[in-house]
Enquirer: 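For reference, the structure I am asking about is given below.
Bear in mind the structure is a predicted one, so any value in this text is a computation, not a measurement. Position 1 is the first residue of the sequence, and the numbers go up from there. Side chains are part of it too, since the values below use all heavy atoms of this structure and drop only hydrogens, waters and symmetry mates.
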Amino acid sequence: MAVKTKTPLAVRMYQTAVWDFKEQPYPIPQERENVHREGLDSDELVVAHDRILLHHLREYLDFAKKYYQKTLNSDPLQDDPSQPLEKWWWHLNRIARGEFPEDKLPQHLREIYREKYLKK
């Protein structure tokens, strides 16, 4: 009998940020950073939600920009050039524009990136 383990809080927060962005766009880069900090990048739920995020990235960024301009009069989802490219979640706008180096994305996101964002 398999032992069921509790999903770590960082993973649950990241899931919520990805799924509920139309209710209130959570700061996904910060939530994804928490997952990374806890060493959970390869967790199957994280990988699944990375894929969901990349599939809906433009929609998320568009909605978040409108939301934050109304509420904060700013855009807290600007890319952070101080972060290394291996931390792709800090470069979501570059990804959405197809300007991100594909080899810096984890393997599980490269096909989605090629199909949806990479400029041909």
Enquirer: Report yes if the side chains of R58 and Y117 come closer than 4.5 Å at any heavy-atom pair, otherwise no.
Expert: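 Yes. Closest side-chain heavy atoms under 4.5 Å.
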Enquirer: Side-chain contact test, heavy atoms from C-beta onward, threshold under 4.5 Å: evaluate it for L61 versus K65 and give yes or no.
Expert: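 They are not in side-chain contact.
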Enquirer: Show, in sequence, the C-alpha distance, side-chain angles and deciding distance for W88 and R32, and conclude whether the side chain to side chain contact (heavy atoms under 4.5 Å, CB included) test is met.
Expert: CA-CA 10 Å; W88 57 269; R32 186 58 177 78; 3.9 Å; yes
Enquirer: With a 4.5 Å cut-off on side-chain heavy-atom distances among I, L, V, M, F, W and Y, is there a chain of contacts connecting I28 to L85?
Expert: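 Linked, I28 and L85 end up in one cluster.
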Enquirer: Quick one: do T7 and L45 satisfy side chain to side chain contact (heavy atoms under 4.5 Å, CB included)? Show the steps, please.
Expert: CA-CA 9 Å; T7 304; L45 287 173; 3.9 Å; yes
Enquirer: Please state whether the rings of H91 and F100 are parallel, tilted or perpendicular, taking 30° and 60° as the class boundaries.
Expert: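 H91 vs F100 ring planes: tilted.
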Enquirer: Within the supplied structure, the quantity of interest is the number of heavy atoms (other residues, nucleotides, ligands) at a distance under 6.0 Å from E102 CD; does it exceed 12?
Expert: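 Yes, the 6.0 Å shell around CD holds more than 12 heavy atoms from other groups.
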Enquirer: Taking the side chain as every heavy atom from C-beta outward, state whether I95 and Y113 have any pair of such atoms under 4.5 Å apart.
Expert: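 Contact flag for I95/Y113 side chains = yes.
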Enquirer: Is the backbone N or O of H108 less than 3.5 Å from a side-chain atom of D50, with the two atoms forming a donor-acceptor pair by type?
Expert: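 No.
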Enquirer: Any non-hydrogen side-chain atom of P101 less than 4.5 Å from a side-chain atom of R94?
Expert: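 Touching, per the 4.5 Å side-chain cut-off.
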Enquirer: In terms of ring plane angle, is the pair W89 and H36 parallel, tilted or perpendicular, where the classes change at 30° and 60°?
Expert: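 Because their plane-to-plane angle lies in the 30° to 60° range, the rings of W89 and H36 count as tilted.
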Enquirer: State whether the side chain of D80 and the backbone N or O of W90 hold a donor-acceptor pair below 3.5 Å, judged by distance alone.
Expert: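 Between the backbone of W90 and the side chain of D80 there is no qualifying donor-acceptor contact (under 3.5 Å).
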Enquirer: Shared ILVMFWY cluster between L40 and L9, side chains joined below 4.5 angstrom?
Expert: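 In one cluster: no.
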